[in-house]
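Throughout, a chain's letter reflects where its sequence line sits, starting with A, and its residues are numbered from 1.
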There are 2 protein chains.
Amino acid sequence: MPRPAQIDRDSVLAAALAVADAGGVAGLSMRAVAERLGVTAMALYRHVGDKQQLLDGLVERLLLELPLPDPALPWRQRLTAMGAAMRQTAQAHPQVFPLLLQRPAVTPGARRVREAVYQALRDAGAAEELVPRIERVLSTFVLGFAASEAAGRFTAGKQELDLDLAWFGEWVLNSLASVDRAPGPGQAAEDMNE
Amino acid sequence: MPRPAQIDRDSVLAAALAVADAGGVAGLSMRAVAERLGVTAMALYRHVGDKQQLLDGLVERLLLELPLPDPALPWRQRLTAMGAAMRQTAQAHPQVFPLLLQRPAVTPGARRVREAVYQALRDAGAAEELVPRIERVLSTFVLGFAASEAAGRFTAGKQELDLDLAWFGEWVLNSLASVDRAPGPGQAAEDMNE
DNA sequence: ACCTGAACACCGTTCAAGT
DNA sequence: ACCTGAACACCGTTCAAGT
């Protein structure tokens, strides 16, 4: 009869995140994760496939756990809140965060975040055919910025970087506000959010 | 009497880049680099310190080898040329390129590229106190975009990504053209470049 | 079904030794 | 001065075996 499992996929990912936060991605070995769980390295393979899939799982977990703003908020507040949340995630997991830029954005977690941005852009009145383009530009900048800051690439201090992000945000949001509006019903009501 | 050295720092970095391009960063081991050079792994340490410094050296090499545009060109052309060059570098070395976002931009190679952007921004008439800010925003986006594209993060095809970059470029350049101009001599002459 | 022991082919890095 | 042999403490992954 099958005894209860000692570990599962979720506990493995949690342990891996803890190991990476403590010792960096370089110290993130199957053996170290296993030791934290009180198990041998070979036990992990049943639950996460192999090390590459474990890394993919970490990236996905960061995306799934990113707090999304209340959809009832005005679109400007939603976009700035998501940017701030990304930045916080990067600070919390500086070693794992850069991987977000290196994996295809096709997972449920990636789609979850992307759709939230799409909705904010639609509410902003962006032309539908421009929505994916604007999302790529926004997400690329925010991910790159958060990764750069967390990795210490910038020489500027936190206050200046706060201003950088605010500056970029104003710039984007103002451009959005003046972008061509797609005609259609329900548009006027959404605009009330501003 | 000292016999001529078989390898030096430069040949080690060149071999490392070749190994990374062929087998990915995961396959970039001291032993693999040494084998390519016909030498043992231990011989590398005298020339590159250790593996981390070898990786730093690769990043620096990419920056030092980035072709910079003729300073006589108009600033718009210079900025777009640098963006295109970064994108090409990312395509040529997709495995090493992401490291550019993870190392402090304090090396001579990083300064070299940054100063070229600074000069273009000054020639565009950007207020001096805004120049570092705009450079951080520009470099972060371009690095993040090139890394994302090279790693296959985007689902969009190359044609759409070309348009993304053109779209972002127009947006930035138009914003720059309308930015407050710092007063001073020599300004009018530079503006003639446009 | 889940975990382990043993094994294989690897790693980065040091240090003394060779030339 | 430059490279190597030997050694150490690690890796990821497999497979058959245990429960």
Side-chain angles (χ1 to χ4, degrees), chain A residues 1-61 93-96 98-99 102-103 151, chain B residues 1-61 93-96 98-99 102-103 151:
Chain A
M1 74 201 74
R3 286 299 197 83
Q6 303 177 37
I7 59 177
D8 58 8
R9 180 182 159 81
D10 225 56
S11 59
V12 172
L13 290 178
L17 202 53
V19 169
D21 291 344
V25 168
L28 177 53
S29 67
M30 299 296 274
R31 284 164 148 101
V33 174
E35 187 180 18
R36 180 173 279 258
L37 291 167
V39 101
T40 69
M42 300 79 85
L44 305 181
Y45 286 82
R46 176 172 306 272
H47 301 285
V48 292
D50 59 15
K51 192 180 181 184
Q52 181 56 60
Q53 291 176 58
L54 183 150
L55 291 174
D56 287 349
L58 289 186
V59 168
E60 182 69 358
R61 173 172 273 239
H93 308 290
Q95 298 282 336
V96 175
L99 301 179
Q102 283 161 264
R103 304 302 303 165
Chain B
M1 75 201 70
R3 286 299 196 83
Q6 303 178 37
I7 59 176
D8 58 8
R9 179 182 162 81
D10 227 54
S11 60
V12 172
L13 290 177
L17 203 52
V19 169
D21 290 345
V25 169
L28 176 54
S29 67
M30 299 296 275
R31 285 164 148 103
V33 174
E35 188 179 16
R36 180 172 279 258
L37 292 166
V39 101
T40 68
M42 301 78 86
L44 305 181
Y45 285 83
R46 176 173 307 272
H47 302 284
V48 293
D50 59 15
K51 192 181 180 182
Q52 180 57 60
Q53 290 176 58
L54 183 150
L55 292 173
D56 287 349
L58 289 186
V59 169
E60 182 68 358
R61 173 173 273 240
H93 309 289
Q95 297 282 336
V96 175
L99 300 179
Q102 282 162 263
R103 304 301 305 164

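Remark: B:His47 is in phosphate contact with D:dC3, judged by side-chain N or O atoms under 4.0 Å from OP1 or OP2. Residue B:Ser29 places at least one side-chain N or O closer than 4.0 Å to OP1 or OP2 of C:dC11.
When each of C:dC3, D:dC3, C:dG12 is scored by its nearest atom to the side-chain atoms of B:Lys51, the top-ranked nucleotide is C:dG12. Ranking D:dC3, C:dT4, D:dG12 by closeness to the B:Ala5 side chain, first place goes to D:dC3. Between C:dG12, D:dT14, D:dT4, one nucleotide has an atom nearer to the side chain of B:Ala43 than all others, and that is D:dT4.
By the 4.5 Å heavy-atom criterion applied to side chains, B:Leu44 and B:Leu37 are counted as neighbours. At least one side-chain heavy atom of A:Asp50 sits under 4.5 Å from a side-chain heavy atom of A:Gln53.
For A:Ile7 and C:dC2, the CD1 to P distance is 10 Å, given to the nearest whole Å. One atom, CD of A:Glu35, and another, P of D:dG12, lie 13 Å apart when rounded to the nearest Å. For the pair A:Gln53 CD and D:dT13 C1', the interatomic distance rounds to 13 Å; values are reported in whole Å. For the pair B:Leu28 CG and D:dC11 P, the computed distance is 19 Å after rounding to whole Å. Distance, A:Leu54 CG to D:dG12 C1': 12 Å, rounded to whole Å. Straight-line distance from the OH atom of B:Tyr45 to the P atom of C:dT14: 7 Å, rounded to whole Å. Atom-to-atom, CD of B:Gln52 to C1' of C:dC11 comes out at 16 Å; the value is rounded to the nearest Å. Atom-to-atom, CZ of A:Arg31 to P of C:dG5 comes out at 13 Å; the value is rounded to the nearest Å.
Along DNA chain C, the nucleotide closest to A:Met42 and the one closest to A:Arg46 are compared, and the more 5′ of them pairs with A:Arg46.
Base pairing analysis places D:dG18 opposite C:dC2; the two distances defining the Watson-Crick or G-U wobble pair are each below 3.5 Å. Pairing of C:dG12, defined by two Watson-Crick or G-U wobble distances under 3.5 Å, is identified with D:dC8.
At the heavy-atom level, B:Met30 lies under 4.0 Å from the strands shown only through sugar-phosphate atoms.
In this structure, NE2 in A:His47 is found 7.0 Å from CG in A:Asp8, a value given to the nearest 0.5 Å.
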(request) Would you please test A:Leu28 and A:Leu58 for side chain to side chain contact (heavy atoms under 4.5 Å, CB included) and show each step? (result) CA-CA 12 Å; A:Leu28 177 53; A:Leu58 289 186; 3.9 Å; yes
(message) Evaluate A:Val59 against A:Leu55 for side chain to side chain contact (heavy atoms under 4.5 Å, CB included), listing each step before the verdict.
(response) CA-CA 6 Å; A:Val59 168; A:Leu55 291 174; 5.9 Å; no
